[in-house]
**Q** 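Below is the structure I would like to discuss, written out as structure tokens.
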Amino acid sequence: MSILIKTASLRKFTVNKVLVFFTLAGFALSFAAPHAGALGIDLEKIPDVMNYDKPTAQEFAKASVKAEEAAPYGDDLLGYTFYVPKGWTGNLLTNSKDLKVQEKQDISDVIFSMLGKYIGHAKNLHRSYVTVEGQKLGYEVKALHWFVSQILTNGLSLAAVTEISDKEVEGLYVQIEKDQSYVVRARAIINGDKLIVIRHYLPQENYEEDVVEQAKIIASFKILKKSNDTIEKHVEFGFLDQSYFDYPVSWRLKEKPILTVERMSALLYQEKMQREQLVLEGHVRVNAISRLLRTSLSKEVKDFKESLDIPKYSIGKLIEKISFKRDPSISMQQTEIYELLPDDKVNMRPYELLVSVMQSDDYYYILSMISPSRDHDFFGWAKNREVAKIMIESMRRYKVGQIVDPSDPYYDYLKEAK
């Protein structure tokens, strides 16, 4: 079933009906003018990072020295190891047991903390060098989106990128420092609530000669202690005892009394102060509709579309369709994202509208999110994209940790969740 929202059927919006999007608690859409943001980067057109077969990883390790830090800043989650060629200088440690572990300190959540720097041989009057840095994250975000955001923020030229997993990405870009051009190969890894980035700066003059060595150094990088913890603490929300989903603790839940299990809704949002005004960073509404009402998902989607009304904004084209994972208690899930265009394109910022429909044996669910446009605020969009993923993928018909009788239809799901 398609949930395609047709622009012609929506016209313009008013905010006084079912979805009270932007007047909540004094919120307003930002009237900041758009900036370049993510414009100019199309991830689908950027090639993957090149891999090299010679020398092999084993051969490279035998010809190199292991650089290791066991617990920078006294934090095991920041520990790392990798290989650098013999003769490099820096804080090279061959035995982590010799380390004097510092008293644990919190690293910055604003700027990077240097964990290690390693400098190579002089070649053609230039030296390669490697840095390892760490930062504390306070928000959910994919490694790929974090990396691209950094490229955009610093005005760098992205040449290649490979998403290894949601928590790991490798990229290649060009950076100029003091009139010297470097080809930088970097790997970013999210480990619990920590972000660790290794960067190899290769002078452009030495690129052809040392590009394989650069790739092997980055490929040898490993985290000493991996964590599967989420970046933020997640809170479980329940529609009475009927349906549940999780959301990051940094988001605020607007309490609304539930009068009947037939139609229930929840409203979550995140805001920030900008020019002495609360500006909406993200807004989610989740509707749960009982199938005992003898309604249909297509009818509920139609009613949802007709109820949408956002002052001075209109729905634009379909941007993308997304396939998220779904809980076993959810039989169907479909998600689409649309442009949300301002009437005044000069003084008002664009947004995006995400709509996800889900179905279980007993309920239909419609989740909608208003988020900054990826072309206007890529990082804000990336954080909201991850929040939507958390909520959608965690939607379920049971409470995690709940003890139930084996005859309960969700007994197997609960066993897996525990």
Side-chain angles (χ1 to χ4, degrees), residues 65-84 88-120 127-156 164-171 173 175-178 182 184-202 214 217-233 248 250 379 382-383 386:
V65 177
K66 180 181 285 188
E68 185 169 295
E69 280 282 358
Y73 291 84
D75 192 332
D76 290 340
L77 296 184
L78 296 174
Y80 63 87
T81 181
F82 70 104
Y83 289 93
V84 294
W88 280 47
T89 61
N91 49 336
L92 298 173
L93 299 165
T94 57
N95 188 346
S96 62
K97 294 181 180 179
D98 294 337
L99 286 174
K100 293 182 179 179
V101 178
Q102 306 170 351
E103 181 179 347
K104 186 172 181 179
Q105 305 174 38
D106 284 334
I107 59 174
S108 175
D109 60 354
V110 179
I111 60 173
F112 274 108
S113 298
M114 184 66 70
L115 307 181
K117 185 172 183 178
Y118 310 85
I119 302 174
R127 294 178 185 268
S128 295
Y129 67 96
V130 170
T131 62
V132 183
E133 300 165 285
Q135 186 177 2
K136 181 179 174 64
L137 295 176
Y139 40 80
E140 299 290 349
V141 67
K142 284 178 66 172
L144 171 65
H145 292 155
W146 177 89
F147 184 78
V148 172
S149 177
Q150 289 294 302
I151 294 294
L152 295 169
T153 300
N154 293 287
L156 303 174
I164 300 169
S165 70
D166 282 355
K167 294 189 174 184
E168 189 168 357
V169 64
E170 188 167 328
Y173 59 91
Q175 183 169 337
I176 299 176
E177 289 187 356
K178 298 179 180 178
Y182 291 93
V184 184
R185 190 170 182 129
R187 178 170 290 197
I189 301 174
I190 295 174
N191 195 33
D193 64 348
K194 304 299 189 301
L195 175 75
I196 303 170
V197 183
I198 180 172
R199 295 182 174 92
H200 183 294
Y201 293 79
L202 176 56
Q214 180 191 53
I217 289 174
I218 297 300
S220 70
F221 187 78
K222 299 291 185 295
I223 298 297
L224 292 178
K225 182 180 179 180
K226 292 187 177 180
S227 171
N228 293 321
D229 291 344
T230 57
I231 297 172
E232 289 188 73
K233 180 181 177 181
S250 63
F379 198 48
K383 291 189 293 182
E386 200 63 18

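Any value given below was found using the heavy atoms of this structure, including those in side chains, with hydrogens, waters and symmetry copies removed. Count residues from 1 along the sequence.
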**Q** Which atom names give the shortest non-hydrogen contact between Asn191 and Ile223, and what distance separates them?
**A** ND2-CG2, 3.4 Å

**Q** Under the side chain to side chain contact (heavy atoms under 4.5 Å, CB included) criterion, do Leu224 and Asp76 qualify, and how do the steps go?
**A** CA-CA 8 Å; Leu224 292 178; Asp76 290 340; over 6 Å; no

**Q** Can any side-chain N or O of Gln175 pair as donor or acceptor with the backbone N or O of Val184 at less than 3.5 Å?
**A** no

**Q** Hey, what's the ring geometry for Phe221 with Phe82, parallel, tilted or perpendicular (30° and 60° as the breaks)?
**A** tilted

**Q** Which heavy atom of Glu140 sits nearest a heavy atom of Pro248, and at what distance?
**A** CG-CG, 4.2 Å

**Q** Applying salt bridge (Lys or Arg N to Asp or Glu O under 4.0 Å), name anything that partners Glu170, two or more places apart in sequence or on another chain.
**A** Arg185, Arg187

**Q** Just how far is it from atom CD1 of Ile231 to atom NZ of Lys383, taken to the nearest 0.5 Å?
**A** 11.0 Å

**Q** Among all residues two or more places apart in sequence or in another chain, which pass the ring-ring contact (aromatic ring centres under 6.0 Å, His included) test with Phe379?
**A** Tyr139

**Q** Does the plane of the ring in His200 sit parallel, tilted or perpendicular to the ring in Trp88? Use 30° and 60° as the thresholds.
**A** tilted

**Q** Shortest non-hydrogen contact from Leu78 to Leu115?
**A** O-CD1, 4.1 Å

**Q** Within the structure provided, determine whether Asn91 and Tyr118 are in side-chain contact (heavy-atom separation under 4.5 Å).
**A** yes

**Q** Sequence neighbours left out, cut at 3.5 Å: what donor-acceptor pairs do the side chains of residues 147-155 make with other protein atoms?
**A**
unit_1, atom_1, unit_2, atom_2, d
Thr153, OG1, Ser149, O, 2.8
Asn154, ND2, Gln150, O, 2.8

**Q** State which residue, out of Asp193, Asp109, Asp75, fulfils the salt bridge (Lys or Arg N to Asp or Glu O under 4.0 Å) condition with Lys136.
**A** Asp193

**Q** Could you go through Glu386 and Trp146, starting from their C-alpha distance and side-chain angles, then the distance that decides it, and tell me whether this counts as side chain to side chain contact (heavy atoms under 4.5 Å, CB included)?
**A** CA-CA 11 Å; Glu386 200 63 18; Trp146 177 89; over 6 Å; no

**Q** If I take atom OH from residue Tyr201 and atom CD from residue Gln214, how far apart are they, to the nearest 0.5 angstrom?
**A** 11.5 Å

**Q** If I compare all heavy atoms of Gly116 with all of Tyr80, which pair ends up nearest, and what's the gap?
**A** CA-OH, 3.6 Å

**Q** First locate atom OG1 of Thr131, then atom NZ of Lys117, and finally report the distance between them rounded to the nearest 0.5 Å.
**A** 7.5 Å

**Q** Which atom pair, heavy atoms only, marks the closest approach of Leu202 to Ser128?
**A** CD1-OG, 3.2 Å

**Q** So how far is it from Ser220 OG to Ile198 CD1, rounded to the nearest 0.5 Å?
**A** 6.5 Å

**Q** Without hydrogens or angle criteria, can the side chains of Gln135 and Glu133 be said to hold a donor-acceptor pair below 3.5 Å?
**A** no

**Q** Considering all heavy atoms of both residues, which atom of Ser113 and which atom of Ser108 are nearest to each other, and what is their separation?
**A** OG-N, 3.8 Å

**Q** Hey, what do you get for CD1 (Ile190) to CG (Asp229), rounding to the nearest 0.5 Å?
**A** 13.0 Å

